[in-house]
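Proteins get letters first, then strands, A, B, ... in listed order; numbering begins at 1 in each.
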There are 2 protein chains.
Amino acid sequence: MDQVTKTPGWQDEIVVLLRSHGINPTTQRVTIGRIILSAYRHLSADQVLKAVNEDKHFVSKATVYNTLNLFAKRKLVREVFVDPSKVFYDSNTSPHYHIYNEDTGELIDLEADQLEVTGIPDLPANTVETGIDVIVRVHNRNRSVLN
Amino acid sequence: MDQVTKTPGWQDEIVVLLRSHGINPTTQRVTIGRIILSAYRHLSADQVLKAVNEDKHFVSKATVYNTLNLFAKRKLVREVFVDPSKVFYDSNTSPHYHIYNEDTGELIDLEADQLEVTGIPDLPANTVETGIDVIVRVHNRNRSVLN
DNA sequence: CTGCTTGCAAAGGCTTTGCAGAACA
DNA sequence: TGTTCTGCAAAGCCTTTGCAAGCAG
């Protein structure tokens, strides 16, 4: 995780990656790309913003949001909706599913070859499938059952 | 759908249903219950608010939100997160999944006996599964591929 | 120069909350 | 009379947007 930011050549790889997806690699975009694209991660916009500022590379909140939206539109990251209060951005773009811990907010990948979804019926007329999300929701065992 | 609100006895059934889930059946709660519990429906809080006011039963926005949260906590409805901008409340509480049309916002039930999820690996230590969400995302065919 | 980017601050949309008045037992 | 509930308005969060200044080619 911290190894990544120190590895020489990573910045160039990010630059190439951004260009190959039609994105002009500005300083801010490369900084954000290094945070989220250099390993499989699940981060909210706020977590990206914090991570960016920890590394003393200052990027504004607006740019973080705009950049993550751009990355999503260009399929560099996938938006994951598990919690109504915030979007997670997932840099693993291969087919896979998730385990979501509702207590900790932690999101874990389930590769598609482990888990299978069968029996999907016909889709409504004139519609095309764009993807299947599977979320296995869990909570910590040592939790009160009461509300 | 409109038949429901005219059927004699429905209000009493809603009252019984609320009581059986530990909910004090106030006028507003029964009104909201008749909107969302009398048939399988997927509605956002805003849609419930609109439906309530169409029928000339005025319930405030705060009460709609509070009541839907209460229904969810008492398992009368299930919260569905498919769109980061709003929560859907689903009155079908039996095990099932969803097809979500990203163009229309329409949500369609997929009964659990049609669709099967297999190969769920071990959960993280000390966690308990609370449910599995499956969302088949679709969009309308006649849509531009470009952004 | 000209167009794309950034960043601040303001605006927006959905949801929650504080609190006073109302309803109910 | 005490408790629960409602509803208004305000506040809170996350996210988007307007716009002026900055940067690149």
Engineer: The side chain of B/Arg29 is closest to which nucleotide in this list: C/dC4, D/dT6, C/dT15?
Structural biologist: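 From the listed options, D/dT6 comes nearest.
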Engineer: From CZ of B/Phe71 over to P of D/dC5, roughly how many Å is that when rounded to an integer?
Structural biologist: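 B/Phe71 atom CZ is separated from D/dC5 atom P by 12 Å.
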Engineer: Using only side-chain N and O atoms of A/Gln28, determine if any of them is under 4.0 Å from OP1 or OP2 of C/dG7.
Structural biologist: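 Yes, A/Gln28 has a side-chain N/O under 4.0 Å of OP1/OP2 on C/dG7.
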Engineer: Distance check: side-chain N/O of B/Asn24 vs OP1/OP2 of D/dC5, anything under 4.0 Å?
Structural biologist: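 B/Asn24 to D/dC5 OP1/OP2: side-chain N or O found under 4.0 Å.
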Engineer: Send over the distance from B/Asn66 CG to C/dC14 C1', rounded to a whole Å.
Structural biologist: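 Interatomic distance, CG of B/Asn66 to C1' of C/dC14: 14 Å.
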Engineer: On the nucleotide C/dT16, are OP1 or OP2 found under 4.0 Å from the side-chain N or O atoms that B/Tyr65 carries?
Structural biologist: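 Negative; the distance criterion is not met.
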Engineer: Whole angstrom is fine here: how far is it from CG in B/Leu43 over to C1' in C/dC14?
Structural biologist: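 Distance, rounded to whole Å: 16 Å.
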Engineer: Should A/Val80 and A/Leu70 be regarded as members of a common hydrophobic cluster, given that ILVMFWY residues are connected when their side-chain heavy atoms come within less than 4.5 Å of each other, either directly or indirectly?
Structural biologist: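 As far as the 4.5 Å side-chain criterion goes, A/Leu70 and A/Val80 are not connected within one cluster.
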Engineer: Does any non-hydrogen side-chain atom of A/Ile108 lie less than 4.5 Å from one of B/Pro124?
Structural biologist: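 B/Pro124 vs A/Ile108: side chains touch.
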Engineer: Over how many whole Å does the gap from A/Tyr89 atom OH to D/dC14 atom C1' extend?
Structural biologist: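 From A/Tyr89 OH to D/dC14 C1': 10 Å.
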Engineer: With respect to the phosphate group of C/dG7, does any side-chain polar atom (N or O) of A/Thr63 fall under 4.0 Å of OP1 or OP2?
Structural biologist: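 A/Thr63 to C/dG7 OP1/OP2: side-chain N or O found under 4.0 Å.
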Engineer: Please give, in whole Å, the distance from C/dC4 C1' to A/Ile23 CD1?
Structural biologist: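 Result: 14 Å.
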Engineer: Any Lys/Arg nitrogen of A/Arg137 or A/Asp83 sitting under 4.0 Å from an Asp/Glu carboxylate oxygen of the other?
Structural biologist: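 Looking at A/Arg137 and A/Asp83, the cut-off is not met.
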Engineer: Between B/Ala62 and A/Ser60, which is nearer to the 5' end of DNA chain C once each is assigned its nearest nucleotide?
Structural biologist: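 Its nearest nucleotide being more 5', the pick is A/Ser60.
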Engineer: Calculate the interatomic distance between B/Arg19 atom CZ and C/dA25 atom P; express it in whole Å.
Structural biologist: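 Those two atoms, CZ and P, are 9 Å apart.
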Engineer: Between D/dT16 atom P and A/Lys86 atom NZ, what is the distance in whole Å?
Structural biologist: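 The distance from NZ of A/Lys86 to P of D/dT16 comes to 15 Å, rounded to the nearest Å.
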Engineer: Side-chain donor-acceptor pair under 3.5 Å between A/His96 and A/Asp113, yes or no?
Structural biologist: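 The criterion, which ignores hydrogens and geometry beyond distance, is not satisfied for A/Asp113 and A/His96.
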Engineer: Kindly say if B/Asn69 contacts the phosphate of C/dT15, meaning a side-chain N or O under 4.0 Å from OP1 or OP2.
Structural biologist: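 B/Asn69 to C/dT15 OP1/OP2: no side-chain N or O under 4.0 Å.
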Engineer: Looking at every strand, decide which applies to A/Asp46 at a 4.0 Å heavy-atom threshold: base, sugar-phosphate, or nothing.
Structural biologist: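 Counting heavy atoms under 4.0 Å across all strands, no contact is made by A/Asp46.
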Engineer: When rounded to the nearest 0.5 angstrom, what distance separates CD in B/Glu13 from CG in B/Leu18?
Structural biologist: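 Result: 12.0 Å between the selected atoms.
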Engineer: Between B/Pro84 and B/Thr67, name the one whose nearest nucleotide on DNA chain D is closer to the 5' end.
Structural biologist: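 That would be B/Thr67.
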Engineer: Taking for each residue the nucleotide of DNA chain C with the nearest heavy atom, is it B/Thr27 or B/Ser85 whose nucleotide lies nearer the 5' end?
Structural biologist: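 Looking at DNA chain C, the more 5' nearest nucleotide goes with B/Ser85.
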Engineer: OP1 or OP2 of C/dT5 sitting under 4.0 Å from any side-chain N/O of A/Thr26?
Structural biologist: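 It does not, given that no N or O in the side chain of A/Thr26 lies less than 4.0 Å from OP1 or OP2 of C/dT5.
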Engineer: What integer distance in Å separates A/Phe81:CZ from D/dC14:P?
Structural biologist: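 Checked: the CZ to P distance equals 16 Å.
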